[in-house]
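First the structure, in the form of structure tokens, and then the observations on it.
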Protein chains: 2
Amino acid sequence: MALRHAVLAALLDEELSGYQLVKAFDLGVANFWHAQPQQVYAELTRLEKDGLITGREVVQDTRPNKRLFQVTDAGLAELDHFAVAAAKPSFIRDDLLVKVQAADHIDTRTLVEQLTERAAFARAKADLFDKLLRTMRGDRTEEEFLRHGERIGPYLTCLRGLAFEQGNHDWCERTATILREREGGHAQQ
Amino acid sequence: MALRHAVLAALLDEELSGYQLVKAFDLGVANFWHAQPQQVYAELTRLEKDGLITGREVVQDTRPNKRLFQVTDAGLAELDHFAVAAAKPSFIRDDLLVKVQAADHIDTRTLVEQLTERAAFARAKADLFDKLLRTMRGDRTEEEFLRHGERIGPYLTCLRGLAFEQGNHDWCERTATILREREGGHAQQ
DNA sequence: TCTGATTACTCATATCGATGAGTATGGAAG
DNA sequence: CTTCCATACTCATCGATATGAGTAATCAGA
């Protein structure tokens with residue numbers, strides 16, 4: 001049930017079209033949730049039907065028309081309601097971890113490749129988050145911004161995203177190195 | 001499709017009953033995947049039907065009988081096949097992050113409570129992972145164990161779990177502190 | 001001018017995952 | 001002596017998520 005609240009949270013700052021939201025959710029800018037395009041569109045339809053957001057048609061000459069959505073008071077109330085409800089604990093669920101768990105029983109060559117690939121991906125995402133953070137805080141220091149900034153929610157979630165991707169990167173690099181050395185070292189199998 | 005491979009990976013070291021597996025998946029010992037009891041049982045049924053695991057009945061006097069499962073050669077082949085296939089990137093999906101994203105628009109008191117609660121939970125899990133790691137490596141140093149240990153897969157995934165929970169803990173603590181200070185400071189609202 | 005990328009979406013279906021309830025036995029704790 | 005907890009599962013159902021295909025327009029590049 002949290003996708004709807006993620007959408008509401010994403011719409012708090014600015015009116016967005018479904019397409020823009022999809023971009024935010026799909027292309028990793030959403031550091032606090034992830035969803036498929038179809039999910040986002042379906043959720044927008046439901047949210048509007050329930051009166052939690054309102055859409056207005058924007059006619060465009062050069063592009064297909066689009067609908068911009070903004071959160072209603074009912075939507076804000078819904079977010080408030082969501083915020084006081086118990087949050088489920090978050091779990092890691094990752095194909096790569098499953099593969100590493102089985103590392104002693106399977107061929108590790110492709111696994112090492114996948115780990116280095118993932119490390120590079122994580123690094124790219126971390127860089128992106130870092131840039132986002134700089135943009136958000138402007139010329140203020142982080143401490144300054146977090147103390148007195150007027151909109152710190154996205155900054156805080158972005159910090160988590162950055163730490164997560166850095167953790168991903170470091171672990172992937174280290175794991176790849178270890179597996180590579182073992183493979184080369186005593187040339188088992 | 002990865003639950004089945006997670007189950008296979010979990011059964012690599014030892015024969016386990018469905019109930020034991022459920023414990024491993026449900027109670028956080030599974031640092032590489034998470035699943036509900038009913039999912040695990042259903043998957044075991046499917047895996048046995050597909051010949052990837054075999055179960056043997058163990059009659060018990062004092063307890064209900066149980067079935068212990070072990071991975072077959074076909075199961076190992078399936079794991080190999082899984083390992084070379086592309087892994088989907090992993091995303092964070094967390095109610096708490098959604099709430100923090102909306103932090104500037106909602107009441108933060110209960111949010112701060114939830115953050116400190118989560119921090120404590122993460123700390124407990126991190127401690128548990130730390131103990132698991134010590135048990136696995138015995139009296140060897142980590143470097144030693146990772147270089148020459150015979151079964152390092154679970155150790156490596158546990159390392160990721162530990163880092164993840166430490167990251168969770170640190171972020172929750174810091175975020176809670178920041179929100180608390182802002183609330184107290186310029187007493188907005 | 002044909003191709004492919006980008007904007008802006010919709011529909012249908014399948015699989016995955018979560019939730020609640022239910023069954024049966026034995027041992028420990030009050 | 002009764003209630004609760006642990007073992008060891010099964011069945012049913014619902015919502016969430018993923019996948020694949022399809023529409024329709026504009027613009028840039030080969």
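So that the names make sense, note that chain A is the first sequence line, chain B the second, and so on, each numbered from 1.
- For the pair F25(B) CZ and dA18(C) P, the interatomic distance rounds to 12 Å; values are reported in whole Å.
- Comparing dT17(D), dG17(C), dA8(C) by their closest approach to the side chain of R93(A) singles out dG17(C).
- Remark: C1' of dT7(D) and CG of L68(B) are 13 Å apart, rounded to the nearest angstrom.
- The distance between atom CZ of F91(B) and atom P of dC16(C), rounded to the nearest whole Å, is 18 Å.
- Residue K23(B) places its side chain closer to dT7(D) than to any other of dT7(D), dC9(D), dA8(C).
- Looking at Q38(B), its side chain comes within 3.5 Å of the base of dG20(C) through a donor and an acceptor atom.
- Within the 4.0 Å cut-off from OP1 or OP2 of dG17(C), not a single side-chain nitrogen or oxygen of Q36(B) is found.
- Residue L16(A) contributes atom CG, which lies 14 Å from atom C1' of dA8(C) at whole-angstrom precision.
- Applying side-chain hydrogen bond (donor to acceptor under 3.5 Å, both in side chains) to R118(B) and the options N168(B), D94(B), T175(B) leaves one that passes, D94(B).
- Between K88(B) and D95(A) there is no salt bridge, since no side-chain N of the basic residue sits under 4.0 Å from a carboxylate O of the acidic one.
- Checking the phosphate oxygens (OP1, OP2) of dC9(D), a side-chain nitrogen or oxygen of S17(B) falls inside 4.0 Å.
- One interatomic measurement links the two molecules: CG of D95(B) to P of dA18(C), which rounds to 12 Å at whole-angstrom precision.
- The phosphate of dA8(D) has OP1 or OP2 within less than 4.0 Å of a side-chain N or O from Q60(B).
- In this structure, P37(A) and R46(A) both approach DNA chain D, and ranking their closest nucleotides by distance from the 5' end singles out R46(A).
- Distance Q39(A) CD to dG15(D) P: 16 Å, rounded to the nearest Å.
- Remark: Y41(A) is in phosphate contact with dC9(C), judged by side-chain N or O atoms under 4.0 Å from OP1 or OP2.
- Ring planes of F145(B) and Y155(B): tilted class, angle from 30 to 60°.
- Remark: E43(B) engages R46(B) in a salt bridge, criterion side-chain N to carboxylate O under 4.0 Å.
- Rounded to a whole Å, the NZ atom of K66(B) is 19 Å from the C1' atom of dT10(D).
- At the phosphate of dC9(D), neither OP1 nor OP2 sits under 4.0 Å from any side-chain N or O atom of Y19(B).
- Ion pair R134(B)/D139(B) not flagged as a salt bridge, since none of the NZ, NE, NH1 or NH2 atoms sits closer than 4.0 Å to an Asp/Glu carboxylate oxygen.
- Whole-Å rounding puts the R4(A) CZ to dG15(D) C1' distance at 13 Å.
- Close to dA18(C), at under 4.0 Å from its OP1 or OP2, lies no side-chain N or O of K88(A).
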